[in-house]
Amino acid sequence: MRSLADPMKATPTDKAPGGRSSSVEPPAPVDADYLDAITALEQLDSWWYVTLSEYSNDHDVITWLGAVVLDVHPEVEGERQAWSVADAMAKWGVERRTKGEPAWSPEDHLDPVRDQAVPIPEWGDPIVGWADAVRIAGSDSTLRRWIKREEIEVAGTFVIAGIRTRMFRRNELLATRERLSEKQMSGLVQNQTESEQRHPGAEDLGSPHGS
């Protein structure tokens, strides 16, 4: 929106039909609609860092958010009562395009063989909560031990239903379990080998066939 309202790129827009100015005043460099819409959208800047669930039962906050984000305010005789995200999306879209650039068409860019759809279960590394992490680790105490020894990193802390919950990357949990399991097995084999080297033939003691 700010790029669209850049006065260095804008052209006078407050002209009457036919290109003749409806006012004796110099034309405004930026359409007032841009400025009004930007003012409304800037009210949401601080909400990028807010957990919405904390306000889910706050009637006043949710009502205000609904008006700024979802409500549609149609123009009446060229004037709009207010602006919202929905209004801005309806008028200018959600992506900036160069003037005159045609809308993207899949038929122009996709090859039916090369780009055929394939199933993708999930993008990226899924995030799991504490309960799922405990199931992967094997026990609550094991997961806490991994965290204490820095075997696993906490991906983030989220507030769910008012409760702070530590989250983890599932693939990292699986990799840690496998790595520590292999490390444990390697240690057992090494201990057994060292024991046999210290006590050769000890396995024959007590055997009815031993000397």
| request: Go through R170 and I127 one step at a time and tell me if the side chain to side chain contact (heavy atoms under 4.5 Å, CB included) criterion holds. | output: CA-CA 6 Å; R170 184 174 182 275; I127 300 292; over 6 Å; no
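- Scored by the side chain to side chain contact (heavy atoms under 4.5 Å, CB included) test, R135 finds A131, D132 as partners (sequence neighbours excluded).
- The CD atom of E153 sits 13.5 Å away from the CZ atom of R166 when rounded to the nearest 0.5 Å.
- Under the 3.5 Å distance criterion, the side-chain polar atoms of Q43 are matched with a main-chain donor or acceptor of A40.
- Evaluation of the side chain to side chain contact (heavy atoms under 4.5 Å, CB included) rule for S139 yields S141, T142 as partners, not counting sequence neighbours.
- Residues W130, V134, I136, L143, W146, I147, I152, V154, F168, L173, L174, L180 make up the rest of the hydrophobic cluster containing V128, defined by ILVMFWY side-chain heavy atoms closer than 4.5 Å, directly or through other members.
- A pairwise comparison of heavy atoms in L35 and T39 identifies O-OG1, 2.9 Å as the closest pair.
- Evaluation of the side chain to side chain contact (heavy atoms under 4.5 Å, CB included) rule for R80 yields H73, E75, W83, D87, K91 as partners, not counting sequence neighbours.
- Residues meeting the side chain to side chain contact (heavy atoms under 4.5 Å, CB included) test with A90, sequence neighbours left out: none.
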Side chains of residues 57-72: which donor-acceptor partners sit under 3.5 Å, not counting sequence neighbours?
from	atom 1	to	atom 2	distance (Å)
D58	OD1	D60	N	3.2
D58	OD1	V61	N	3.2
T63	OG1	H59	O	2.7

